[in-house]
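The model shown is predicted, which means the values in this text are computed figures rather than measured ones. Values below: every heavy atom of this structure, side chains too, minus hydrogens, waters and symmetry copies. In this chain, residues are counted from 1 in sequence order.
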Amino acid sequence: MKKQYLDESFELLQQFLSYMQNVKGRSENTVNEYFISLRTFFRYMKKHKGIVDENIEEEKIAIDDIDLDFIKTISFNDISYFMNYCISTRNNGAAARARKSCAIRVFFNFLYQKLNLIDHDPSKGLDTPKLSKKLPKFLSLEQSIELLNTIDGKYKERDYCILTLFLNCGMRLSELVGINLTDINYEEKTLRLFGKGSKERIVYLNEACISAIKDYLPLRPNGSIKSSKDKNALFISRNGNRISPKTVQWLVKKYLSEIGLTSPNGSTGYSVHKLRHTAATLMYQHGNVDIRILKDILGHESLSTTEIYTHLSSTQMEKAAESNPLAKVKKRKD
């Protein structure tokens, strides 16, 4: 658990975060979001209930003194006031409010169902803000090929391999940087990935991926790897360490800027994660991949998450129909 959680949290919050990470297997990012959301919530509660001066800045409110007696005073109405505060004062959008309401519900459910420390759950009945489903941005087949053809420079074999794996396997950034040499099975042409919550899955490597890996490996800096824990890493940085997520994000933005999709210092909505969307979209639209198989490839827990690519296809078909030159031609009235 991060030192920040220990320094800034009260005991029950520490127990909750530890449970979510170590028992439920939630990712570090998810646990961090829980912590930030609940810290904001309890800071507000201390001010709302007059425990601290109402003029104190939110960031200066400590929550390490929160105890069970204080938690028992929190009602459904208090939580509703907080959600209204998120809209009126913090200007939180639906996604941010959904994260906060989720953290609150899961935390109180933990106290009520798992620890039996409270006699009722004050968050029961709390609505989740409705999120509009946004269709993901992705590169076209032509743009994907152009992106691969743009790669050059001292580390071109490594960079080409990275982008090839993104575009063919649809993996997450954390999954790519976590790949070890021992995760690759050349005989079976498979790759082991560890997704959210360290969940393991196997993806198959096509000819392009195998070729890119084999072209990169002879140039992988085996002798200059600094740490023993990084010796098994597939992708190595120029500093002799396992490549970092920030480095991968930077190089992807650099190559995207070279085909006019973003700039090194800015963004037009295309990023590393959009390459994952690209892989999924190309497999679904050009490869006729069944949506249930695509779910397993991407490592989605729910089929509803994967179904966004079917909506994407439907939207494109609608646009294609509208672009037909006969789309505006109507029967003449007699």
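Under the salt bridge (charged side-chain N to carboxylate O under 4.0 Å, His left out) criterion, K46 pairs with D65, sequence neighbours left out. Applying the salt bridge (charged side-chain N to carboxylate O under 4.0 Å, His left out) test to E11 and every residue at least two apart in sequence or in another chain returns nothing. For D64, there are no salt bridge (charged side-chain N to carboxylate O under 4.0 Å, His left out) partners, not counting sequence neighbours. Take K24 and apply the salt bridge (charged side-chain N to carboxylate O under 4.0 Å, His left out) test, not counting sequence neighbours, and it matches no residue.
To the nearest 0.5 Å, atom CD of residue Q15 and atom CG of residue L115 are 6.0 Å apart. In this structure, CG in L176 is found 10.0 Å from CG in L275, a value given to the nearest 0.5 Å. With rounding to the nearest 0.5 Å, the separation of OH in Y204 from CG in L191 is 12.0 Å.
With D78 as reference, Y81 is the one residue of Y81, F76, F82 to meet the side chain to side chain contact (heavy atoms under 4.5 Å, CB included) rule. Checked against S144 for a side chain to side chain contact (heavy atoms under 4.5 Å, CB included), the options L163, T278, I259 give a single hit: T278.
In this structure, Y160 has its ring center at least 6.0 angstrom away from the ring center of Y216. Separation of the F41 and Y34 ring centroids does not fall under the 6.0 Å cut-off.
Side chain of S37 to main chain of E33: a donor-acceptor pair is present (N/O by atom type, distance under 3.5 Å, no hydrogens or angles). The backbone N or O of N92 sits less than 3.5 Å from a side-chain atom of R97, completing a donor-acceptor pair.
R220 places a side-chain heavy atom less than 4.5 Å from the side chain of I225.
Between D121 and S123, the side chains place a donor N or O and an acceptor N or O closer than 3.5 Å (distance only, hydrogens not considered). Side-chain atoms of S18 and N22 form a donor-acceptor pair, as typed in the model, at a separation below 3.5 Å.
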Please evaluate residues K47 and E57 with respect to the criterion salt bridge (charged side-chain N to carboxylate O under 4.0 Å, His left out), reporting the C-alpha separation (whole Å), side-chain torsions for both, the decisive distance (0.1 Å), and the verdict.
CA-CA 10 Å; K47 186 180 288 191; E57 295 179 18; over 6 Å; no
Show, in sequence, the C-alpha distance, side-chain angles and deciding distance for F42 and F107, and conclude whether the ring pair (Phe, Tyr, Trp, His ring centres under 6.0 Å) test is met.
CA-CA 12 Å; F42 282 108; F107 175 73; 5.7 Å; yes
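Judged as a side chain to side chain donor-acceptor pair (under 3.5 Å), the pairs with a partner in residues 231-245 (not counting sequence neighbours) are, in order, N180-R242, T182-N232, S244-T247.
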Please output the side-chain donor-acceptor pairs of residues 149-156 that fall under 3.5 Å, not counting sequence neighbours, one pair per line with the distance.
from	atom 1	to	atom 2	distance (Å)
N149	ND2	I145	O	3.3
T150	OG1	E146	O	2.7

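In the hydrophobic clustering of ILVMFWY residues, with side-chain heavy atoms under 4.5 Å counting as a link, L219 and I236 come out apart.
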